[in-house]
Amino acid sequence: MSLPERHDLPDGTPVYTGAGDPFDRNGVDLTLVDAMLAMTPAERLGWLEDALALTEMLRSGLETPSAGNHGRP
């Protein structure tokens with residue numbers, strides 16, 4: 001049995017790869033890649049639309065309110 005190989009990501013995060021490890025040497029989770037490739041084009045589009053809707057919701061929550069819009073009288 002061999003030990004997993006260590007690779008450092010550009011930010012210095014160590015990633016270990018070996019037999020049965022779901023990550024490649026760049027830190028990409030190959031189980032997610034396999035799941036995405038198993039989707040039909042319609043499922044991928046739906047997943048993308050959900051991700052974009054979540055992004056917009058988070059972005060709108062992070063916007064700074066204007067000085068006069070505090071909800072106080």
Report, one line per pair, each donor and acceptor closer than 3.5 Å where one atom sits in a side chain of residues 30-37; sequence neighbours left out.
unit_1 : atom_1 : unit_2 : atom_2 : d
T31    : OG1    : D29    : OD1    : 2.5
T31    : OG1    : D29    : OD2    : 3.4

Checklist line | Pairs satisfying side-chain hydrogen bond (donor to acceptor under 3.5 Å, both in side chains), at least one member in residues 47-56, at least two apart | finding: E56-R59
Item checked: S60: partners by side-chain contact (heavy atoms from CB on, under 4.5 Å), with sequence neighbours left out -> none
Item checked: side-chain contact (heavy atoms from CB on, under 4.5 Å) partners for L54, two or more places apart -> M57, L58
Next item on the list: Output the distance between atom CE (M39) and atom CG (L48), rounded to the nearest 0.5 Å.
Entry: 10.5 Å
Item checked: Pairing residues for D11 by the side chain to side chain donor-acceptor pair (under 3.5 Å) criterion, not counting sequence neighbours -> T13
